[in-house]
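Per chain, numbering begins at 1; letters A, B, ... match sequence-line order. Remember, it's a predicted structure, so these values are computed and weren't measured experimentally.
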There are 2 protein chains.
Amino acid sequence: MVEAPRNTRQRRAVVAILDDLDGFASAQEIHDILKQRGESVGLSTVYRSLQVLAEAAEVDALRNADGEVLYRQCSAGHHHHLVCRACGRTVEVEGPTVERWADRIAEENGFRDVAHTLEIFGTCDRCTSNRDLP
Amino acid sequence: MVEAPRNTRQRRAVVAILDDLDGFASAQEIHDILKQRGESVGLSTVYRSLQVLAEAAEVDALRNADGEVLYRQCSAGHHHHLVCRACGRTVEVEGPTVERWADRIAEENGFRDVAHTLEIFGTCDRCTSNRDLP
DNA sequence: ACTCCGGTTGAGAATCATTGTCATGAGGAA
DNA sequence: TTCCTCATGACAATGATTCTCAACCGGAGT
C-alpha cells in the first residue's frame, strides 16, 4: 500500500510558491524565493518536493536550453508549452494533431512505449519591449 | 573574417565515428569508442569538436531523459527524430504541419525569436525483442 | 495531551556531465 | 623549413542534482 505524503510546512511552502508563479522556474529559483520570503526550506527538500510533485503529475517539468530542469504548476491533461526564454512566462497549448502524428510515426517504425517532448521557446512581448534598458 | 577549422587527426577521428554510428551517442560514449579503436582523443577535445560540429549544423544534438546531450550526424535541413531509448537508433522524421502550427501559436501570443524542440522516444523493435536476455 | 514510529528534513559531501585552464603540440601559409 | 596560431589534453573547476544520515516532526493510536 502506498503511504500518503505528509503535510509538512516545507512541502506546503513549495506548493505555495508554485501557486503564485505563472511561469516555469528552476528548483534553485524556487529555493531563493522561499529564502526571500523568510520561510527557508533546504535545497535538498525543494528538489525532493518538486520530484515528488512531478512524478504525481501535479507539476510539469521541462529542460531549458542550458539543461536546467524547470517546474510549473499546470492544468491537468496532456499539453505543451510556449515558454519565454527570458522570464519563464508560459502559455499552455494543445496539439492534438501532433499527438496523433507522433504516435503514428512511432508505430509505423515499430517503436513501443512511445513518449514525446514538444516545447516552443521564444521571447514574449513584455521581454521584447524591455530590451536594452539600463 | 572567420577562420576555417584546422584539419586535425582528432577532429577527423570524431567525424569518422559519427559516420559509422547510425544513432545518437553521447560525448563520453564517442570518447570510449575512440579509445577502443586505439586512436585516443582527449575528452575535452571530443566535447569541443562536437560543439563546433553542432554549431555548424553538421551534427544534430538533443538531450535524453537524463539530461545528457547526444549527438548524431544527420541529413541537412530541419527535421525531428524518433529515437530508441535503449540503443540510440534513430529515424529522421519530418513534420511540416508541426512547424507551421508552432510558429502560428507563437505569433498569436506575441512571442519572437521562436524555436521549438520535438523528439519522439520509444523502444525500437530490436530492443523490444532483446528484452530479458541473460 | 503524550508517545512512538517511520517518513521528512537539511547541511554537507558526493556525483557526474560539461567547461575552463594553460603549457605543449602540430596544421598550414609563406 | 619557419613561424604564427589555433588545437590539444591532462587536470582542475564548475554547477546542477543527488546522496548520506543524524536529528526532527506529523499524525495515528492511546
Can you list everything that forms a side-chain hydrogen bond (donor to acceptor under 3.5 Å, both in side chains) with A:R6? Sequence neighbours excluded, please.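 side-chain hydrogen bond (donor to acceptor under 3.5 Å, both in side chains) list for A:R6, sorted by chain: empty.
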
Rounded to whole angstroms, how far apart are [atom1] on [X] and [atom2] on [N]?
{"X": "A:D66", "N": "D:dA16", "atom1": "CG", "atom2": "P", "value": "9 Å"}
{"X": "B:L50", "N": "D:dT8", "atom1": "CG", "atom2": "P", "value": "12 Å"}
{"X": "B:L53", "N": "D:dA7", "atom1": "CG", "atom2": "P", "value": "12 Å"}
{"X": "A:E29", "N": "D:dT17", "atom1": "CD", "atom2": "P", "value": "10 Å"}
{"X": "A:R63", "N": "D:dG15", "atom1": "CZ", "atom2": "P", "value": "18 Å"}
{"X": "B:I30", "N": "C:dA17", "atom1": "CD1", "atom2": "P", "value": "14 Å"}
{"X": "A:E55", "N": "D:dT17", "atom1": "CD", "atom2": "C1'", "value": "14 Å"}
{"X": "A:H31", "N": "C:dG12", "atom1": "NE2", "atom2": "P", "value": "12 Å"}

Name the orientation class of the two ring planes belonging to B:H78 and B:H116 (parallel below 30°, tilted from 30 to 60°, perpendicular beyond 60°).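 Perpendicular: the ring planes of B:H78 and B:H116 meet at over 60°.
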
[Y]/[X] salt bridge by N-O under 4.0 Å criterion:
{"X": "B:E92", "Y": "B:R72", "result": "yes"}
{"X": "B:D125", "Y": "B:R89", "result": "yes"}
{"X": "A:R37", "Y": "A:D32", "result": "no"}

Going 5' to 3' along nucleotides 18-23 of chain D, which nucleotides have protein heavy atoms under 4.0 Å from the base (write B), which only from the sugar-phosphate (write S), and which from neither (write -)? BBB---

What is the per-nucleotide protein-contact pattern of nucleotides 25-30 of chain D, from the 5' end, where B denotes a base atom under 4.0 Å from a protein heavy atom, S denotes such proximity for sugar-phosphate atoms only, and - denotes neither? BBS---

Measuring only between side-chain heavy atoms, which start at C-beta, is A:L50 closer than 4.5 Å to A:I30?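 SC-SC contact between A:L50 and A:I30 confirmed.
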
Would you tell me if any nitrogen or oxygen in the side chain of [X] comes within less than 4.0 Å of OP1 or OP2 on [N]?
{"X": "B:T45", "N": "D:dA7", "value": "no"}
{"X": "B:Q10", "N": "D:dA7", "value": "no"}
{"X": "A:Q28", "N": "D:dG15", "value": "no"}

Would you say A:Q10 and A:S49 are linked by a side-chain donor-acceptor pair, where the criterion is simply a distance under 3.5 Å? no

Step through the shown structure and confirm whether more than 12 heavy atoms of other residues, nucleotides or ligands are within 6.0 Å of CD on B:E107.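 No - once you tally the heavy atoms of other residues, nucleotides and ligands closer than 6.0 Å, there are 12 at most.
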
In Å and rounded to the nearest 0.5 Å, what is the CG to NE2 distance from B:D60 to B:H81? 4.0 Å

